[in-house]
Amino acid sequence: MAKQIKATGNANPHRKGDDSSSQGPPAFGGLPLSPVTLAALQQAGYDHPTPVQAGLIPKALRGLDLMGQAQTGTGKTAAFAIPILERLEPHRSKAGPQAMVLVPTRELAVQVRDEFVKLAAGRRVHIVAVYGGKPIRKQSEQLRAGADVVVGTPGRVLDHLERATLSLAGIRIVVLDEADRMLDIGFRPDIEKILRRCPQSRQTLLLSATIPPPVQRLAERYMCQPEVLDFSPKEIAVETIEQFYYTIDAEYKFELLVALLAREKPQQAIVFCRTKRGTEKVCQRLSRKFDSVAAIHGDLAQRVRDRVMSRFREGKLRVLVATDVVGRGIDVTGISHIINYDVPQFCDDYVHRVGRTGRMGREGVAFTFVTPEEGPELTRIEMRINRLLQRKEVGELLPSLGPLGGLPQAAARPLPAQPPSVVVSGASSPPAPKPVFGRRVRRIRRAL
Ligand code: AMP
């Protein structure tokens, strides 16, 4: 039976309050870490462990199997990278990797590899990222030259196994990062094949934003009495993020997007769309109106995706139009705005999308475009995040469409009264008209 521990403290490492005051968390020196790791942490500018790191590192150092419920932005990568680096046997890279991290997307593979490289400062270790969209030959050469840690997407790891360019015989630690996402996008068979080829005596760490039954089953099957550490935030979407929605007919969404970007002048924004085609189309149309716009989705060549991501990271792009799979793991601190051009298919995607802003304790704002037919989907999101999104009037931005955003009176969604517990600071929307039916509010209140 898995033992459940509820973690205390702030789930987000970067929120105000995690400073170096005497009441803050103890410094990294309080953890049983080697001088070389402490020096690397100092060089990285990490003064204090985040709650995920403080909870996970000591147990992972003891070789336990752990399931950590934690989202990106909580410092989860360092939480597994630090104990892995500490536990590596030196000068063994020629004998094959000792640790393997499986991740759902190529971007995350690069991000995780870079975090490892940063934290491995002062050590002679080789970290190799293997992911699709890049020539397999170069990765094979890197593996042949010696790797201590392999970070990869399951599909590409399997390719390497089939070509015998990668051996898992020496694996001592496996990490399944963003396990829920890997299962969502159908990696289960690949993950199982890979895990079956790892030595049974290994340590397995699983990180996941949510632990639904499929993740639970995977853990039961492939982990040894894992201890569960719950670092999920109590309020799912951080409270520094203001969250609004517009009810808009699909036909006018693009116009609304243009007007919103022109008014908001975001430092950096991600516009989320549901499909790759939709992403591409919105990006093309937007590029005719604004500079510094690009798209990122799974159909683009890897080198294009890499270039787009580094330009976004460097602040050279203002607006990134993205699909969920690729946009989910983006960790860029300058993102001030999230615009859900399409309502996400899954509630969890809403949480992940919105979590791209408000990072490092900054303020963020999220706008969701909802068509009249998508009312129930909005309600599900609100139930998931335990909070009502505040309605904004389309008429403010597109006066020609009138207050109902081009919708006939009958199609416009009734506006709920805000329950007293919902406080959205700094909201500047006009006074809310009286609710027409109030059914949605009753439904949400019942569910809360
Ligand atoms: P992650 O949740 O692993 O995606 O990490 C989110 C961000 O937090 C990354 O940019 C890390 O470099 C940064 N980070 C991780 N741990 C710490 C720490 N202890 N102090 C400050 N920043 C950190």
Side-chain angles (χ1 to χ4, degrees), residues 7 9-21 24-31 33 37-58 60 66 68-86 101-121 127 129 149 151 175-181 205-210 229 231-233 238 240 268 309-310 312-315 326-335 351-362 364:
N10 190 346
N12 183 335
H14 310 303
R15 297 257 290 283
K16 292 156 194 160
D18 272 349
D19 59 12
S20 49
S21 70
F28 275 108
L31 296 176
L33 298 174
T37 292
L38 291 174
L41 286 165
Q42 195 178 18
Q43 203 176 317
Y46 297 0
D47 299 329
H48 299 279
T50 68
V52 181
Q53 292 161 1
L56 228 90
I57 292 172
L66 303 171
Q69 187 168 355
Q71 296 186 313
T72 41
T74 54
K76 68 179 171 63
T77 315
F80 59 75
I82 293 169
I84 287 177
L85 291 167
E86 290 283 48
V101 183
L102 293 178
V103 294
T105 65
R106 302 159 181 184
E107 281 70 23
L108 195 58
V110 172
Q111 237 166 259
V112 169
R113 192 253 335 261
D114 292 350
E115 185 79 354
F116 261 101
V117 169
K118 186 157 69 175
L119 296 170
I127 297 121
V149 181
V151 182
V175 179
L176 303 173
D177 192 14
E178 300 203 354
D180 50 352
R181 192 51 158 189
L205 306 174
L206 181 149
L207 280 298
S208 201
T210 55
L229 298 132
F231 303 100
S232 53
V238 292
T240 48
Q268 282 191 298
M309 268 321 294
S310 56
F312 193 57
R313 226 178 279 287
E314 288 160 17
V326 186
R328 167 184 171 120
I330 293 175
D331 179 33
V332 174
T333 45
I335 301 168
V351 177
H352 286 292
R353 287 177 176 192
V354 168
R356 301 306 94 210
T357 185
R359 293 165 93 76
M360 303 294 275
R362 290 170 199 229

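Start at 1 and go down the list; that is how both ligands and their atoms are numbered. Along the sequence shown, residues are numbered consecutively beginning with 1.
Checking only distances, Gly75 does come within under 3.5 Å of ligand 1, N or O to N or O. Ligand 1 has a nitrogen or oxygen under 3.5 angstrom from a nitrogen or oxygen of Thr74. Inclusion of Gln71 in the set of residues having an N or O under 3.5 Å from an N or O of ligand 1 is not warranted.
Which parts of ligand 1 touch Thr77 is read off a 4.0 Å heavy-atom cut-off, strictly below it: atoms 1 (P), 3 (O), 4 (O). Annotation for ligand 1: atoms under 4.0 Å from non-hydrogen atoms of Lys118 are 12 (O). Within the listing of ligand 1, atoms 19 (N) sit less than 4.0 angstrom from a heavy atom of Phe28.
Note: Ile82 CD1 to Leu41 CG = 4.5 Å, rounded to the nearest 0.5 Å. Taken from CD1 in Ile84 to CZ in Phe116, the straight-line distance is 4.0 Å, to the nearest 0.5 Å. Here the straight-line distance linking atom CG of Leu102 with atom CG of Leu206 works out to 10.5 Å at 0.5 Å rounding. Taking CD of Glu314 as the start and CE of Met309 as the end, the distance is 10.5 Å to the nearest 0.5 Å. Distance check, rounded to the nearest 0.5 Å: OG1 of Thr77 to CG of Leu119 gives 9.0 Å.
Side-chain contact between Arg356 and Gln268 is absent, with no heavy-atom pair separated by less than 4.5 Å.
Contacts between Gln53 and ligand 1 below 4.0 angstrom, taking non-hydrogen atoms only, involve the side chain exclusively.
In this structure, Glu115 counts as a contact residue of ligand 1, since one of its heavy atoms falls inside 4.0 Å of the ligand.
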